[in-house]
Amino acid sequence: MSEIVIELKNVQKVYPMGGEKIVALDDVSLKFYKGKIYCLLGVSGSGKSTLLNIIAGLEKPTKGEIIFKGHDIHKMNEKRLASFRQRYIGFVFQQYNLMPTLSALENTTLPLIFRKVPKRVRNERAKKMLKAVGLGKRLRNKPSQMSGGQQQRVSIARAFVNNPQVVFADEPTGNLDTKTTQEMMNLILGMAKTYEQTLILVTHNLELSKYCDQVIHIRDGKIEKIEDVADKIEITTKGEF
Ligand code: ADP
Ligand code: MG
């Protein structure tokens with residue numbers, strides 16, 4: 001059995017709303033292993049983003065424990081959490097979340113700036129990444145000068161540039177057409193596989209779940225079932241950088 005990278009124990013998240021309480025996550029216990037591809041599947045409002053944010057240390061649970069690479073991240077303060085995220089985690093968001101005033105190259109170097117990598121090394125690594133995602137000729141383009149698919153490629157380059165242990169992708173292809181979706185999935189999964197990263201993909205799209213090792217079905221904040229994918233679609237392209 002490979003290494004457990006993240007473990008959740010009895011995690012609960014309650015949002016107070018006026019006099020009422022919204023139970024966004026209800027007693028969630030899960031284990032994520034190194035190098036595996038997970039799909040978090042559920043309808044809108046089922047708690048997917050809340051779960052992802054809690055695993056990534058962006059939100060605190062109301063109750064329960066999150067053990068990430070042996071660290072109790074529910075106990076960490078903001079400062080430690082920030083450096084923890086910079087060290088271990090990459091993110092791909094549906095809205096790309098690129099800095100509008102920065103070029104593709106500058107956006108991709110951001111995680112390396114936070115980790116104080118020297119400028120020359122930063123630029124070299126970011127260039128390699130952008131080439132790997134097919135944007136070798138778009139280094140100087142700003143987000144507004146690129147298509148949605150190209151912007152998502154930049155955000156994929158940024159997510160992987162640090163070689164993080166875990167990559168979170170929250171509806172990464174939600175705004176893209178079918179062909180571009182296929183290309184992005186190949187890129188994300190190819191890289192995760194090449195570098196033995198754990199990938200947690202959030203989606204409401206059943207099609208995408210076929211690319212994963214395991215599908216975690218979530219409903220009303222509860223884990224409904226966990227399903228191993230028998231006829232997983234294997235990615236043959238290598239995502240090297
Ligand atoms: P999903 O990503 O599956 O669409 P979310 O995790 O965003 O679902 O939301 C789960 C539930 O928690 C929803 O009922 C949502 O309205 C509620 N919720 C999410 N974030 C907040 C918040 N910051 N304050 C109050 N309620 C929230
Ligand atoms: Mg969501």
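This is a predicted model, so every value here is computed, not measured. Counting starts at 1 for both ligands and their atoms, following the listed order.
Using a 4.5 Å cut-off on side-chain heavy atoms (C-beta onward), N10 and S29 make contact.
A donor atom on one side chain and an acceptor atom on the other are not found under 3.5 Å apart for Q214 and K36. Residues N205 and E171 bring no donor and acceptor atom of their side chains to less than 3.5 Å of each other. Residues Q152 and S155 have side chains that bring a donor and an acceptor to within less than 3.5 angstrom of each other. Between the side chains of Y15 and E59, a donor-acceptor pair is found at a separation under 3.5 Å.
Taking distance alone, with nitrogen or oxygen atoms compared against 3.5 Å, A24 stays at or beyond that limit from ligand 1.
Distance check for S44 against the Mg ion (ligand 2): none of its N/O/S atoms falls below 2.8 Å.
Under the side chain to side chain donor-acceptor pair (under 3.5 Å) rule, Q165 has a single partner from K69, K34, Q197, which is K69. Test E234, Q182, K232 against Y211 for side chain to side chain donor-acceptor pair (under 3.5 Å) and you get one pass: Q182.
Within a 4.0 Å radius of atom 23 (N) of ligand 1, the protein has at least one heavy atom. Shown here, atom 15 (C) of ligand 1 is out of close reach of the protein: none of its heavy atoms lies under 4.0 Å off.
Nearest protein heavy-atom contact of atom 5 (P) of ligand 1 is T50 OG1, 3.6 Å. Of the protein's heavy atoms, G45 N, 3.5 Å lies nearest to atom 1 (P) of ligand 1. Y15 CE1, 3.5 Å is the protein heavy atom nearest to atom 19 (C) of ligand 1. The protein atom (non-hydrogen) at minimum distance from atom 7 (O) of ligand 1 is S49 CB, 3.9 Å. Ranking protein heavy atoms by distance to atom 8 (O) of ligand 1, first place goes to G47 N, 3.2 Å.
Contact annotation for L51 and ligand 1: no heavy atom of the residue comes within less than 4.0 Å of the ligand.
Side chain of N107 to backbone of L102: a donor-acceptor contact under 3.5 angstrom is found.
At least one heavy atom of V43 lies less than 4.0 angstrom from ligand 1.
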